[in-house]
Amino acid sequence: MTTVLGRVAALYRYPVKSMAAEALEAADVSWHGLSGDRRWGFLRPGYPGAGFPWLTLRQNNQLSQYRPRLESPDEPDRSKVLVCTPDGAEFEVTAPELAEELGAQVMKLDRGTFDSMPLSLVSTRTVADISALAGSEPADPLRFRPNLLIEPAGTEPFPEDDWVGRELGIGELVMRVDRRDKRCVIVNIDPRTGLRTPVVLKAVARHRDMCLGVYGSVVTPGRVAVGDPVVLR
């Protein structure tokens, strides 16, 4: 019997690491995640050549106010990436003006600049649950920077915890849920304003052992779309 766990409520791509999300209706998923996802990143100023190299919202919470878009969205892995700055100027991601503004050097990685794994997933139930535990207004799901936002079929709290170690069929994609997603200060940053508040991460630390949502890898590449059912395999 097929077990339907929920449906895809939203899909997000991040053409430049730690910059604003691009909402999608559908996307092709390869072994390296959503096409065009996190293929560009900026190196931290003074990067010593060891450890985590990327400039992220940890160092500059205003990165969420930079809005990247693909010049040729039908060719996401080959397209030029254009970035609209908070001041309204638009530059190609490789433009010296953008590097100067950020004080960082741009780099492209065709396999993606992922912290851990090529797919990240969180459920709407989990976003609501952690908001309640934090005693805050409903959090914007983009605080958690997912590729896949899932609306679960049931009402169990934090449902994706139970999917770890299992395979999910989502449209043409088969995804393995490999582990829970350990969180950092980025979840405190409002993606709309760039302002920080500590309540979300405090709730994740107090109630969730610093973990919220899950990471996964690709078992079978394929196309996925908003509205697709999420099926336990």
Side-chain angles (χ1 to χ4, degrees), residues 10-24 27 29-66 68 76-77 81 83 93 102 104-123 126-127 130 139-150 158 160-161 163-165 168 173 175-191 194 196 198 200-201 204-205 208-219:
L11 281 172
Y12 298 109
R13 172 169 61 205
Y14 306 85
V16 183
K17 187 174 183 65
S18 266
M19 290 188 181
E22 181 184 19
L24 304 170
V29 183
S30 72
W31 300 112
H32 308 303
L34 273 69
S35 297
D37 185 46
R38 295 176 172 94
R39 300 310 194 241
W40 293 90
F42 284 81
L43 294 173
R44 288 187 290 121
Y47 170 59
F52 189 78
W54 305 111
L55 177 69
T56 71
L57 289 159
R58 297 180 189 88
Q59 294 84 32
N60 182 352
N61 51 293
Q62 290 303 308
L63 281 174
S64 64
Q65 308 306 294
Y66 288 78
D77 283 328
V81 174
V83 177
V93 70
L102 294 173
Q105 177 186 349
V106 71
M107 179 177 288
K108 184 179 184 185
L109 288 181
D110 290 334
R111 295 185 178 184
T113 58
F114 306 112
D115 287 0
S116 180
M117 292 181 174
L119 293 173
S120 58
L121 179 155
V122 73
S123 71
T126 286
V127 174
I130 200 64
D140 187 330
L142 288 174
R143 280 185 184 264
F144 309 104
R145 300 185 69 80
N147 294 122
L148 297 128
L149 178 66
I150 304 302
F158 307 103
E160 58 270 40
D161 285 355
W163 306 345
V164 174
L168 308 180
L173 167 71
M175 168 187 177
R176 183 175 61 243
V177 181
D178 292 298
R179 63 182 179 84
R180 298 166 71 202
D181 188 342
K182 192 163 189 178
R183 295 296 178 170
C184 65
V185 295
I186 285 176
V187 302
N188 282 335
I189 300 168
D190 186 323
R196 295 190 187 213
V200 177
L201 187 60
V204 175
R208 300 286 303 154
D209 193 29
M210 293 300 291
C211 293
L212 201 79
V214 292
Y215 278 129
S217 52
V218 177
V219 177

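The figures here come from the full heavy-atom set of this structure, side chains too, leaving out hydrogens, waters and symmetry mates. Keep in mind that this is a model prediction, so the values were computed, not measured.
With sequence neighbours excluded, no residue forms a side-chain hydrogen bond (donor to acceptor under 3.5 Å, both in side chains) with R196. Residues satisfying the side-chain hydrogen bond (donor to acceptor under 3.5 Å, both in side chains) test with S217, not counting sequence neighbours, are R176, D178. A search for salt bridge (charged side-chain N to carboxylate O under 4.0 Å, His left out) contacts involving D181 returns R183, not counting sequence neighbours. Annotation: salt bridge (charged side-chain N to carboxylate O under 4.0 Å, His left out) contacts of R39 (sequence neighbours excluded): D77. Every side-chain contact (heavy atoms from CB on, under 4.5 Å) that Q65 has, sequence neighbours left out, goes to Q62, P86. Qualifying salt bridge (charged side-chain N to carboxylate O under 4.0 Å, His left out) partners for K108, counting only residues two or more places apart in sequence or in other chains: D110.
Distance check, rounded to the nearest 0.5 Å: CZ of F158 to CZ of R180 gives 9.5 Å. Atom CZ of R145 and atom CG of L57 lie 5.5 Å apart (nearest 0.5 Å). Taking CZ from R58 and CD1 from I189, the interatomic distance works out to 9.0 Å, rounded to the nearest 0.5 Å. Here L119 contributes atom CG and L34 contributes atom CG; the two are 6.5 Å apart, rounded to the nearest 0.5 Å.
In this structure, V93 and F42 have side chains that are in contact, with non-hydrogen atoms separated by less than 4.5 Å. Side chains of F114 and L109 form no contact here, defined as non-hydrogen atoms less than 4.5 Å apart. Looking only at side-chain heavy atoms (C-beta outward), R208 and D161 come within less than 4.5 Å of each other. Side-chain contact between E160 and T126: present, with at least one pair of heavy atoms (C-beta onward) separated by less than 4.5 Å. Using a 4.5 Å heavy-atom cutoff, the side chains of W54 and M107 are in contact. Inter-residue side-chain proximity for L149 and V122 is flagged as met; some heavy-atom pair is nearer than 4.5 Å. With a 4.5 Å cut-off on side-chain heavy atoms, W163 and L168 count as touching. Looking at L102 and L63, their side chains come closer than 4.5 Å, going by heavy atoms from C-beta outward.
Heavy-atom contacts from other residues, nucleotides or ligands closer than 6.0 Å to CD of Q105 number 12 or fewer.
Side-chain atoms of D140 come within 3.5 Å of backbone N or O of L142 as a donor-acceptor pair. Put simply, the side chain of T56 never gets that close to the backbone of S18: no donor and acceptor are under 3.5 Å apart. Remark: the backbone N or O of P146 is paired with a side-chain donor or acceptor of Y14 at under 3.5 angstrom. Side-chain atoms of S120 come within 3.5 Å of backbone N or O of N147 as a donor-acceptor pair. No donor-acceptor pair closer than 3.5 Å links the side chain of E22 to the backbone N or O of P15. Using modelled atom types, one side-chain atom of R143 and one backbone atom of V187 make a donor-acceptor pair closer than 3.5 Å.
The two residues L55 and A104 make their nearest non-hydrogen contact at CD2-CB, 3.9 Å. In plain terms, the two heavy atoms of P118 and H32 that are nearest each other are CB-C, 3.8 Å. Shown here for F144 and A139, the closest heavy-atom pair between the two residues is CE1-CB, 4.2 Å. When all heavy atoms are compared, the tightest approach of S64 to G194 is OG-CA, 3.8 Å. Between W40 and T113, the closest heavy-atom pair is O-OG1, 3.8 Å. Nearest approach of W31 to V218, heavy atoms of both residues: CZ3-O, 3.3 Å.
Under a 4.0 Å N-O distance rule, the pair K182/D115 does not qualify as a salt bridge.
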Legend entry - Derivation of the side-chain contact (heavy atoms from CB on, under 4.5 Å) call for L121 and V177: CA-CA 9 Å; L121 179 155; V177 181; 5.6 Å; no
Legend entry - Steps toward side-chain contact (heavy atoms from CB on, under 4.5 Å) verdict (V29, M175): CA-CA 10 Å; V29 183; M175 168 187 177; over 6 Å; no
